[in-house]
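Chain A is the first sequence line, chain B the second, and so forth, proteins listed ahead of strands; every chain is numbered from 1.
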Amino acid sequence: QSAPASGSAPPAASGGTFAVITHASAGDAFWDVVKNGAEAAGKQYGVTVTYQGDGDPGKQSQLIDQAVAQKVDGLVVSMANPDALKEAVGRAVAAKIPVVTINSGAGSSKAFGAITHVGQSEDVAGRGAGEQLRAAGVTKLLCVVHEAGNVGLDQRCKGAEQGLGGTVERLQVDVANLADVTSKVAAKLQSDKQVNGVLALNPAVAVAARDAVKDSGSQAKLATFDLSGDVVTAIKDGEILFAVDQQQYLQGWLPITFLTLYKKNLNTVGGGLPVNTGPGFVTKDNAEQVAKLAEAGTR
Amino acid sequence: MTAAAGRADERVARAGLVRRLLIRPELGAVVGLVAVFAFFAAQSPVFRSPQGVANWLDPAATLGIMAVAIALLMIGGEFDLSAGVLTGTTGLILVTLATRYGLDVWTAMLVGLVVALAIGLANGLIVTRTRLPSFIVTLGTFLMLQGVNLGVTKALTGTVQVSGLRRAAGYEDARALLAGTVEIGGTPFRVAILWWLLVTAVATWVLMRSRPGNWIFAVGGNEQAARAVGVPAARTKIALFMTTAFAAWLVGSILALRYTSVQANIGIGQEFIYIIAAVIGGCLLTGGYGSAIGASVGAVIFGMADKGIVFLGWDADWFKFFLGAMLLLATLANRLVRRYAEEVKH
Amino acid sequence: MTAAAGRADERVARAGLVRRLLIRPELGAVVGLVAVFAFFAAQSPVFRSPQGVANWLDPAATLGIMAVAIALLMIGGEFDLSAGVLTGTTGLILVTLATRYGLDVWTAMLVGLVVALAIGLANGLIVTRTRLPSFIVTLGTFLMLQGVNLGVTKALTGTVQVSGLRRAAGYEDARALLAGTVEIGGTPFRVAILWWLLVTAVATWVLMRSRPGNWIFAVGGNEQAARAVGVPAARTKIALFMTTAFAAWLVGSILALRYTSVQANIGIGQEFIYIIAAVIGGCLLTGGYGSAIGASVGAVIFGMADKGIVFLGWDADWFKFFLGAMLLLATLANRLVRRYAEEVKH
Amino acid sequence: MIIETRGIGKTFGSVLALRDVSMGVAAGEVTCVLGDNGAGKSTLIKILSGVHRHDAGTFLVDGREVSFGSPREALDRGIATVYQDLAMIPLMSVWRNFFLGSEPRRGPAFDVARARRIAREELLAMGIDIRDVDQPVGTLSGGERQSVAIARAVHFGARVLILDEPTSALGVKQAGVVLRYIVRARDRGLGVVFITHNPHHAYPVGDRFLLLNRGTSLGEYGKADITREELTALMAGGAELAELEHELRRE
Amino acid sequence: MIIETRGIGKTFGSVLALRDVSMGVAAGEVTCVLGDNGAGKSTLIKILSGVHRHDAGTFLVDGREVSFGSPREALDRGIATVYQDLAMIPLMSVWRNFFLGSEPRRGPAFDVARARRIAREELLAMGIDIRDVDQPVGTLSGGERQSVAIARAVHFGARVLILDEPTSALGVKQAGVVLRYIVRARDRGLGVVFITHNPHHAYPVGDRFLLLNRGTSLGEYGKADITREELTALMAGGAELAELEHELRRE
Ligand SMILES: Nc1ncnc2c1ncn2[C@@H]1O[C@H](COP(=O)(O)OP(=O)(O)OP(=O)(O)O)[C@@H](O)[C@H]1O
Ligand SMILES: Nc1ncnc2c1ncn2[C@@H]1O[C@H](COP(=O)(O)OP(=O)(O)OP(=O)(O)O)[C@@H](O)[C@H]1O
Ligand SMILES: [Mg+2]
Ligand SMILES: [Mg+2]
């Protein structure tokens with residue numbers, strides 16, 4: 001089969017096979033950078049990295065079970081829903097597979113037997129965004145949720161609410177249909193003039209929301225999570241205030257590094273405390289530098 | 001015993017013009033439309049302002065273009081689940097070729113069109129040759145295209161989104177034609193709305209006043225009987241799949257030009273919204289019945305309900321609940337009107 | 001001229017046992033099953049190991065329970081798009097009541113069952129009373145339930161996921177019954193597999209060997225003709241919607257007990273996978289034809305393809321591509337076998 | 001009179017399909033309904049059997065006024081019908097179609113073995129030698145399908161048997177069998193309603209003749225009041241048939 | 001001979017529907033195909049009209065061997081057919097059905113006004129007074145539907161007209177009209193294949209009689225070789241009909 005496989009079945013001769021299993025579906029802009037980071041690290045260390053993801057915690061735990069059945073040498077798991085993954089992770093630990101948790105789930109990481117946790121939960125990032133927006137004078141914020149019921153997105157909005165200290169209204173849009181995003185955000189801005197800030201949780205949504213702000217003639221400040229070429233351009237042009245950058249590349253790179261070291265050398269990093277990767281912010285000041293990196297998919 | 005043609009028949013009760021109009025498939029949907037509009041317009045002044053109208057007409061236009069194509073296909077007795085993802089494929093082709101391979105926008109769009117038509121042709125050929133249900137075949141293409149969109153985009157660009165179309169040659173012209181705005185009474189409306197009206201008009205003419213239109217109804221109503229009187233059933237169906245692919249290309253290009261960037265997972269899930277709009281507009285899922293205007297009206301109903309809830313500022317958590325209730329009520333109104341029209345006496 | 005019953009008829013060619021078997025709807029699907037299994041088993045030793053089998057049988061089981069119920073409904077000529085979200089609703093009810101309102105697990109499950117059956121009843125009543133297509137009606141319930149799942153969960157718990165079922169009274173017993181494992185040859189298999197086999201067996205018996213089974217085929221094949229000979233068409237359809245709701249409750253409870261937490265958006269999108277499995281297993285989308293065993297086989301095919309691709313370690317970006325290709329090939333194999341069976345001479 | 005209608009009528013949207021028709025069906029008698037195409041014969045019997053609800057006039061069963069909401073209600077009063085266009089479920093096998101709605105039971109189960117056997121026997125008795133009762137009805141020939149419907153109605157016919165053009169798709173021999181069934185049913189005390197375009201089929205078995213034309217009744221005649229020739233003439237709308245025979249023979 | 005078959009046969013799965021049938025259709029002649037229900041008549045004409053492909057024997061049109069892949073190919077050689085069970089699209093209006101597959105054009109468009117007018121005229125000429133040619137075919141009576149199909153085939157019939165039980169659902173008058181059409185088509189030099197169960201319809205118009213029984217041919221007779229009584233006797237499988245008439249009359 002001619003899959004352009006960055007991680008293909010036969011384990012590479014040297015280091016071993018590590019499985020990255022996240023709670024995001026394939027093609028998600030944020031998690032794609034994580035994937036790129038993990039794969040780059042795999043190439044660097046000469047180990048095989050496989051990446052899978054599914055937003056349904058049940059499916060995610062099935063993927064973990066599969067990795068255990070395949071006797072991988074290490075496991076990287078994002079835990080948006082720790083309760084649901086408890087048993088699957090437990091089975092991996094019982095099978096003597098070292099586990100590193102990433103992104104959310106820092107609280108349960110140690111209890112489940114993971115060797116360490118990398119990254120920070122979405123609400124920390126959200127809080128950072130909220131604080132920045134408050135500094136920019138936003139009092140009523142629109143949080144654009146592009147996948148209803150997604151825990152990560154909910155945590156981002158919640159964090160922003162804490163950081164802002166003002167009102168946060170949620171708006172549900174369909175990320176697969178950008179025209180819909182534009183017109184819904186515009187509808188909200190037209191019908192509620194109090195809203196003076198918009199927080200997008202995805203770069204494509206940010207681009208669509210930018211049009212909405214323009215269309216509706218609103219003065220609302222726009223910020224977003226994550227980067228894309230267009231987002232960076234918009235930041236440079238002053239259309240978007242800033243983008244939250246969790247530096248999630250590290251959430252892919254570091255766990256593979258740690259697992260490789262653990263396997264070779266039994267190193268454990270952080271002594272059970274989480275290793276933080278962000279959040280960073282991309283603003284007009286540093287947009288120029290990261291533009292290229294965002295296009296390449298590492299920021 | 002044989003009455004002269006044209007003489008009134010004593011066995012036909014006098015049917016008022018109103019009732020005769022109501023019997024048409026699309027005019028049932030129009031009642032749903034009026035009801036939904038009245039509901040939102042009464043409560044939100046912004047909703048009925050020109051700016052508000054421009055706002056909810058915009059997504060209705062792109063949805064409408066697709067709904068009309070899907071309605072033709074459904075009247076012809078088939079489904080296309082791959083149409084939503086195909087809008088993404090054409091957009092990705094356009095942006096990738098224009099930004100990474102230096103093609104100008106027009107050439108990139110042409111390549112996208114060729115690929116889209118090829119995919120439509122493949123869908124049609126597989127369905128007519130293997131006689132597998134189109135639900136399954138286009139589900140296969142749906143999944144495969146999803147994989148291709150993601151896999152190829154990643155392989156070529158290293159990311160799951162391509163952007164930067166603004167800098168490509170020919171961008172401004174193409175944008176003005178497909179993704180610009182026209183001012184009407186001081187309010188800018190998207191040109192997509194004009195394209196949508198054009199597509200609806202052409203589709204209606206084809207359905208009602210052309211030979212292929214007659215064939216579409218026939219292959220959807222009873223394919224074997226249609227074949228038996230010499231209708232080129234396979235060719236008709238293949239043409240319908242290619243029409244859908246064409247519409248997907250049109251919508252994909254409009255959206256890519258408007259947002260200048262495309263994400264690899266765009267369009268997923270939209271295929272059902274197209275079908276929903278067509279069904280609200282009176283198309284039968286079993287084929288052989290429906291109208292292009294109805295599908296357009298269905299698209300507007302969906303667009304109004306979808307945006308109206310936001311205009312009213314109802315709790316976002318309950319959004320889907322209201323949307324579902326609204327759709328159910330609109331279709332119910334539509335149905336009640338039609339039944340009334342069919343059953344009223346004398 | 002009238003041949004004695006039982007005497008061989010000279011107009012019937014000798015049909016081999018193999019061919020007679022192949023003509024059954026489900027045995028076509030079995031060929032697809034064998035092909036997919038052989039493909040993955042040949043390349044991945046883990047896939048064919050007991051642990052691997054337990055691994056892909058597990059999702060096939062929950063999918064299979066739903067696919068069988070949906071297959072019955074589809075044979076009866078209707079769709080249910082709300083079934084996937086309903087698994088989430090029942091799970092949310094179970095976990096919320098057991099963790100926030102102190103009910104024991106059994107009572108909470110009972111409440112979930114009552115709600116599920118009420119929703120099934122509502123679906124059935126609306127479809128049979130209004131004569132709207134079930135696609136639209138259950139689409140309405142689908143959206144409404146999505147809203148309710150999110151809105152109510154947020155309102156009651158403040159988050160979009162509820163967890164902590166492990167601490168509820170009666171959890172261990174309920175878990176052992178619905179979400180535990182049984183050891184076979186040293187490998188733990190999920191008990192859900194047993195439930196799935198039971199559901200398939202019961203459904204097959206009902207379809208083939210009971211009066212309601214006859215009615216199901218009839219209302220799906222030609223509702224008016226069935227009504228004309230006295231089949232209680234409305235009651236049959238309502239019962240089918242309630243059966244689907246029951247299955248959704250069973251699966252929702254199994255999953256909630258297994259993962260002890262439920263997310264408010266769970267189950268969205270699954271409704272089509274159920275339909276896909278049923279169609280792979282030989283159900284007609286137009287109703288009147290299909291089998292419960294076929295739907296189960298379809299679920300296994302889907303489960304194997306879904307997990308097999310992961311076992312082979314193919315790039316996740318291309319996952320959907322392979323899944324689509326696999327499904328298309330499996331259905332094609334199925335169809336070719338059936339056509340061969342029907343056309344072979346003497 | 002088991003069944004009686006008085007000035008019954010039915011409208012579909014703007015189409016007046018039936019107006020002011022009065023008729024009766026008595027036990028032990030055959031009522032023939034005759035008339036041109038589109039005269040309203042099928043509409044009339046669909047009202048009698050509960051498929052349509054009449055919207056004018058009165059409809060009495062056993063002297064009591066009724067308005068059937070579904071065919072089940074008619075069946076429950078012993079009215080069994082062979083429809084012209086609502087006959088069979090094409091994808092279902094012959095025996096399943098045969099027993100649809102009245103499945104024999106053994107315990108909770110559908111007694112499949114008995115259903116198969118009876119279906120085959122009843123069809124054989126009609127002179128239809130179905131190869132295989134498991135064959136889907138959709139693959140039967142037009143006449144075979146019609147025979148299954150008739151055999152079913154005869155098997156389940158309780159008090160009134162309604163047959164809408166049962167003989168039209170049948171061969172001479174099979175038609176003869178059906179006519180014999182009608183006579184036999186009549187002799188068993190059933191009321192029979194028989195629709196046909198063939199006066200050679202209608203006259204020998206009919207006791208009363210209801211003539212419909214363009215939705216209205218031209219009158220109901222007893223057998224005593226009318227000769228075969230008169231009947232034929234009335235059905236053909238005058239001397240047309242004789243003239244035609246003559247005309248065709250000339251060449 | 002326009003059409004000729006030699007030892008033609010067709011199998012559906014394990015069902016041998018037709019075996020070793022030879023027949024011919026000549027210009028200006030009417031070939032009647034007669035036989036019991038399930039004898040294979042419809043299967044035979046579906047081969048002639050391209051719906052099924054034969055799997056044994058040879059099939060010649062104008063002396064050249066053919067095997068039609070679709071009805072279109074048959075139509076293109078001037079073979080028009082009225083099918084017993086593949087007649088109409090129920091949800092489509094009468095005029096759309098009438099012109100389906102052969103729509104009249106005006107420029108690129110379907111000439112709707114003309115289609116409406118011709119459909120109404122042709123039906124009136126058959127004695128069927130359709131209220132409204134915009135009515136969906138599904139709401140017509142059985143006989144009206146059949147008339148539309150016949151009117152269509154007659155209107156488009158080029159060299160061979162095949163009619164599968166066209167008169168079975170028709171009233172006496174309408175059946176007469178159809179028989180007259182057959183004669184007129186024959187006189188215009190068309191070859192006609194006419195399937196019926198009614199010897200009174202078959203004998204007056206037929207020139208040759210092909211008798212089928214249980215899928216095989218019992219022989220082809222010229223009109224000179226057979227009397228009406230012999231034909232009736234052959235169709236009824238012996239003296240059954242006479243006996244039946246007698247039996248029924250007795251009571
Ligand atoms: N559902 C319907 N909607 C509209 N018109 C209808 C409907 N059903 C029947 N009609 C019309 O009512 C008239 C009577 O139809 P009916 O079927 O009763 O005739 P019929 O006497 O049985 O004729 P045939 O001998 O041809 O079967 C026909 O002209 C038909 O077009
Ligand atoms: N598609 C099919 N599959 C299986 N069997 C078939 C199929 N079509 C026809 N048959 C069988 O072939 C035989 C001949 O059918 P056919 O329709 O040719 O009969 P016919 O002579 O037209 O009868 P009738 O006078 O009743 O219309 C029948 O027994 C029928 O069951
Ligand atoms: Mg009738
Ligand atoms: Mg026939």
Side-chain angles (χ1 to χ4, degrees), chain A residues 3-4 6 25-33 35-36 142-145 148-149 169-193 202-205 207-208 210-212 215-217 226-233 294-298, chain B residues 44 46-47 49 51-52 54-63 84 88 99 146-147 149-151 153-155 157-166 188 190 192 251 254-255 258-270 273 303 306-308 310-313 315-317 319-320:
Chain A
S6 36
S25 46
D28 183 285
F30 177 92
W31 289 98
D32 187 59
V33 177
K35 179 177 186 238
N36 285 346
L142 192 63
C143 191
V144 187
V145 180
E169 278 216 24
R170 274 155 230 237
L171 179 70
Q172 278 190 32
V173 297
D174 183 353
V175 69
N177 181 357
L178 291 181
D180 171 78
V181 177
T182 299
S183 83
K184 273 204 190 121
V185 174
K188 191 71 196 172
L189 294 173
Q190 282 171 3
S191 58
D192 186 351
K193 301 282 185 202
N202 166 297
V205 171
V207 173
R210 176 196 64 190
D211 286 11
D215 285 359
S216 60
D226 308 333
L227 293 170
S228 74
D230 278 352
V231 165
V232 175
T233 312
E295 290 267 358
T298 58
Chain B
S44 162
V46 193
F47 184 86
S49 71
Q51 219 195 344
N55 189 340
W56 51 253
L57 266 187
D58 166 27
T62 44
L63 170 57
T99 60
Q146 247 179 286
N149 281 1
L150 187 56
T153 310
K154 275 293 301 248
T157 71
T159 67
V160 294
Q161 56 197 0
V162 282
S163 48
L165 187 60
R166 209 172 300 241
R190 293 274 176 195
V251 169
I254 289 175
L255 292 178
R258 187 188 303 175
Y259 296 108
T260 68
S261 69
V262 183
Q263 240 180 316
N265 59 0
I266 216 78
I268 299 172
Q270 297 301 300
I273 304 202
D306 200 36
K307 305 301 166 284
V310 178
F311 275 114
L312 294 194
D315 189 341
D317 290 337
F319 174 79
K320 289 282 173 71

[X] portion near chain A, given a 4.5 angstrom heavy-atom threshold:
| X | answer |
| --- | --- |
| B:Arg190 | side chain |
| B:Leu150 | side chain |
| B:Asp306 | both |
| B:Thr62 | side chain |
| B:Gln161 | side chain |

*Is B:Arg166 salt-bridged to A:Asp230, cutoff N-O under 4.0 Å?*
no
*State which residues pass side-chain contact (heavy atoms from CB on, under 4.5 Å) with B:Ala60; sequence neighbours excluded, sorted by chain then number.*
B:Val300
*Taking side-chain contact (heavy atoms from CB on, under 4.5 Å) as the test, write out the residues that go with A:Ser25, two or more places apart.*
none
_Main chain of A:Asn202, side chain of A:Asp226: is a donor-acceptor contact present, judged purely on distance under 3.5 Å?_
no
Heavy-atom contact with chain B under 4.5 Å, split by part of [X]:
| X | answer |
| --- | --- |
| A:Asp32 | both |
| A:Asp174 | side chain |
| A:Leu227 | backbone |

*4.5 Å side-chain heavy-atom contact, A:Val185 and A:Leu171*: yes
*Would you say B:Val160 and A:Trp31 make side-chain contact, with heavy atoms under 4.5 Å?*
no
*Quick one: closest heavy-atom pair of B:Pro59 and B:Lys307, and the distance?*
CG-CE, 3.3 Å
Between [options], the one whose heavy-atom pairs under 4.5 Å with chain A are most numerous:
| options | value |
| --- | --- |
| B:Ser261, B:Ala264, B:Ser44 | B:Ser261 |
| B:Asp58, B:Thr260, B:Leu63 | B:Thr260 |
| B:Arg258, B:Gln270, B:Gln146 | B:Gln270 |
| B:Trp56, B:Tyr259, B:Phe319 | B:Tyr259 |

*Starting from the C-alpha separation in whole Å, work towards a yes-or-no answer on side chain to side chain contact (heavy atoms under 4.5 Å, CB included) for B:Gln263 and A:Val175.*
CA-CA 9 Å; B:Gln263 240 180 316; A:Val175 69; 4.2 Å; yes
_Can a side-chain donor-acceptor contact be found between A:Lys184 and B:Asn55 if the only test is distance below 3.5 angstrom?_
no
*Taking every heavy-atom pair that is under 4.5 Å apart, which of A:Val145, A:Asp215, A:Val33, A:Val231 has the most such pairs with chain B?*
A:Asp215
